[in-house]
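Sequence lines set the chain letters: A, B, ... in the order given, protein chains first and strands last, and positions in each chain run from 1.
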Number of protein chains: 2
Amino acid sequence: MMAKKRVSIKDIAKKLGISITTVSFIINGKAREQRISEELIKKVQDYIDEIGYKPNHVAQSLRLGKSKVIVFMAEDISNQFFASIARLIEEKAYQNGYKIIYCSTDNDHEKAKELISTFKMRNVDGFIITPTPNLEKDIKNLLDEGFPVVLFDRWIPDVSCSHVIVQNEESAYQGTMHLIEKGCRNLCFVSVMSTQSQMIDRARGFRKAAQDSNVDYQECLLKFHNLAEIEPYEKLLEFFEQRPGIDGVFFATNYLAFEGLQAMGVLQRQVPEKLKVVSFDDHYFFNLYKPKITAIEQPLEMIAEKLMETMLEHLGELDKVYKPVKVVLANRLNERESTL
Amino acid sequence: MMAKKRVSIKDIAKKLGISITTVSFIINGKAREQRISEELIKKVQDYIDEIGYKPNHVAQSLRLGKSKVIVFMAEDISNQFFASIARLIEEKAYQNGYKIIYCSTDNDHEKAKELISTFKMRNVDGFIITPTPNLEKDIKNLLDEGFPVVLFDRWIPDVSCSHVIVQNEESAYQGTMHLIEKGCRNLCFVSVMSTQSQMIDRARGFRKAAQDSNVDYQECLLKFHNLAEIEPYEKLLEFFEQRPGIDGVFFATNYLAFEGLQAMGVLQRQVPEKLKVVSFDDHYFFNLYKPKITAIEQPLEMIAEKLMETMLEHLGELDKVYKPVKVVLANRLNERESTL
DNA sequence: TTTAACTGCTAAAAGGTTTTATCTAAATTA
DNA sequence: TAATTTAGATAAAACCTTTTAGCAGTTAAA
């Protein structure tokens, strides 16, 4: 099964009895500029169409130092949120002639570091990253070396890097206020122990709402450092069993909410009659579940759009000193208590 | 923000006052074979370690004609099933020095065709594909040109191509039998109108089980050609409203089951007391939903493992005539009626 | 003594582009 | 008439590797 040799610009030149340079100029639309005769332009173009020549991207990459590849480093590509973003940026990338290589960091600093170094030498043109803890230095290096980088989902305060995030604090505040308005007086915030900006902001929003309203609250932070170190379900079961007074729970992410809802079912806590729930990160199932669950929906399309917009902007500005672009998007609270 | 020029093999050679060739041999572990002196080997290696030289993969690709990139063409990367597979093959690909570029076909022949042609000229080393309808010719071309191709989720009978699929017919049979054993006597098969092998096989398994057991059955096939052409929820609502006698439903995919369950809720059909449900493609949510839903679980890890195993095997055998590898994996029926 | 093989290393080609500098002949300008 | 410009093209370098063929000097085999 021999792979036929692909036609190169050289073959075309030889066949047509002209120079490689001329062919290249014509292919790249620089023919007029280089005063190639209309006659020759047509002849070459016709031949190219006839044989269906396509330039070798690897050779182009080598010559130009650009690969038309963007790397998408998510925490976990199989997570619904990241998979959705992946899908959406794919569209825009391909429209602009870029391909996307993906990889998952597992939120592990070492792994992320290694991935970054691998991709640097791959001549990728840009990085879209959900930064892991302690990645500041590596991001900084990347920027210093002139790579376009756009962070999302979370950001790093110490580094001046473009990012696209959402209003975590504001939305957590709003979601918590929603619980209070519905009558909750003994709140609980369920999250993972994390130094990530989005988690910290969500916690802050929750606390502020509880304090502003003079409502009792507590926090349940699960350790998630080494993956599967702890079973969130069992931990939550234990936590809520010991605290029957809680009447409103704010989950910082949807997967925590799923586990929490399981626990509520087992503990016979009636949702939403006895205990109301709000979760960050809306999900198809919150609408399907009985009862429907109120959740904060992130603007996925907008995130993806801004991510690629920012990336493409930076890609165009390569070699210039570019100013970081910082985008903060609003979320939507989908109230579902009334709709059963 | 100037990108510093990366060190090349040439720089090393000049710095050390030796030839490029020698450096290359040492880097590629061919030093002994080429009888380079131990002394020189050490000197070069030490220097390389010191400056942290990494070879330019683009130049290597050009020279070797291999890119160490595999393209993963799924129907929709944001779909939980495909996203999970993506995650799993990522592991194995990276372990073997391969990167993965993803793209989504939307099950659209034209789009898939275009993507394939784009990637061909990108010098990708291999293709993992969920084939769209009418893709036979393009797959065949790919194979003729010597590209390793592995299909999954579905396959194409007319083309002799490696693939990794599951026992669709057998599992559909088993799932249907499960409904019958639980007492269902008026079955319904819900699927999409499709010529894809996996859908056809699932339908066949369902029918066979119903016929073997002499049980009444009907089929509800939704049109899904142009995406969003029809709202499955509304269609299902109407369908089941008109057929109150149905007491067992087999959903061919999980997203149909989700929509169907919504409809059952609205129609006040008690699941599982009055109407039992089995779905293909298990999902986290089937275990969370009340009642829990019985479903057929595909062996994701195994699929991913076999996919990459087959791909790597083919990649090693390039330029040889290789025999297609055909893997068919068993699924697991997760019965959940009793566990509430 | 001639031939063959080994030693330790290197020059140069090849892979397919893009782009700068340059060429010749014809046309224009001074 | 001489000097300059223009038109229409091209040679060759550069991007960074890998690999084949070969160098000159020495040693072993025939």
Side-chain angles (χ1 to χ4, degrees), chain A residues 3-45 48 51-68 97 120-125 318-319, chain B residues 3-45 48 51 53-68 97 120-125 319:
Chain A
K4 309 174 210 167
K5 202 178 137 307
R6 257 177 53 193
V7 188
S8 79
I9 217 171
K10 197 170 170 182
D11 301 323
I12 298 176
K14 199 185 296 172
K15 174 80 183 178
L16 263 39
I18 56 177
S19 81
I20 292 179
T21 315
T22 307
V23 179
S24 175
F25 282 144
I26 293 172
I27 288 168
N28 294 301
K30 298 188 180 170
R32 306 286 134 91
E33 190 184 319
Q34 296 287 335
R35 297 160 309 189
I36 310 289
S37 65
E38 294 297 329
E39 185 187 18
L40 189 49
I41 293 178
K42 174 135 177 39
K43 186 163 137 199
V44 172
Q45 271 171 346
I48 284 172
I51 61 169
Y53 165 81
K54 304 282 173 184
N56 181 322
H57 281 220
V58 176
Q60 284 181 324
S61 286
L62 179 60
R63 173 64 229 231
L64 300 175
K66 312 270 159 262
S67 59
K68 286 282 184 178
K120 266 191 201 172
M121 78 197 62
R122 276 263 170 184
N123 275 34
V124 300
D125 290 349
L318 275 182
D319 290 342
Chain B
K4 309 174 210 168
K5 201 178 138 304
R6 258 177 53 194
V7 188
S8 80
I9 216 172
K10 197 170 170 182
D11 301 322
I12 297 175
K14 199 184 296 172
K15 174 82 183 177
L16 263 39
I18 55 178
S19 81
I20 292 179
T21 313
T22 307
V23 180
S24 175
F25 282 143
I26 293 173
I27 288 168
N28 294 301
K30 299 188 179 168
R32 307 287 134 90
E33 188 184 318
Q34 297 287 335
R35 299 155 307 188
I36 309 288
S37 66
E38 294 297 329
E39 186 188 16
L40 188 50
I41 293 178
K42 174 136 176 38
K43 185 164 136 197
V44 172
Q45 271 172 345
I48 284 173
I51 61 169
Y53 165 81
K54 305 280 175 184
N56 181 320
H57 281 221
V58 176
Q60 284 181 323
S61 287
L62 179 61
R63 175 65 231 231
L64 300 175
K66 310 272 160 263
S67 59
K68 288 283 185 176
K120 267 192 202 170
M121 77 197 62
R122 276 261 169 185
N123 274 35
V124 301
D125 290 349
D319 289 343

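Between B:S8 and D:dC16 there is no side-chain polar atom (N or O) within less than 4.0 angstrom of OP1 or OP2. Between B:Y53 and D:dC16, a side-chain N or O to OP1/OP2 separation shorter than 4.0 Å is absent. At D:dC15, none of the side-chain N or O atoms of B:N56 fall inside 4.0 Å of OP1 or OP2 (strictly under the cut-off). For D:dT18, one of the phosphate oxygens OP1 or OP2 lies less than 4.0 angstrom from a side-chain nitrogen or oxygen of B:S24. In this structure, A:K10 does not reach the C:dT17 phosphate: none of its side-chain N or O atoms is under 4.0 Å from OP1 or OP2. Not one side-chain nitrogen or oxygen of B:Q60 sits closer than 4.0 Å to the OP1 or OP2 atom of D:dC16. Regarding contacts with the backbone of C:dT10, a side-chain N or O of B:T22 is found under 4.0 angstrom from either OP1 or OP2. Here A:S37 reaches the OP1 or OP2 of D:dA9: one of its side-chain N or O atoms lies under 4.0 Å away.
In terms of position on DNA chain C, the residue among A:R35 and A:T21 whose nearest nucleotide sits closer to the 5' end is A:T21. For the pair B:F25 and B:A59, both in contact range of DNA chain C, the more 5′-proximal nearest nucleotide belongs to B:F25.
Base contact: A:I20 has a heavy atom under 4.0 Å from a base atom.
Between the side chains of B:T21 and B:S24, not a single donor N or O lies within less than 3.5 Å of an accepting N or O.
The distance between atom CG of A:L64 and atom P of C:dG16, rounded to the nearest whole Å, is 16 Å.
Side chain of A:N123 to main chain of B:V58: no donor-acceptor pair is present (N/O by atom type, distance under 3.5 Å, no hydrogens or angles).
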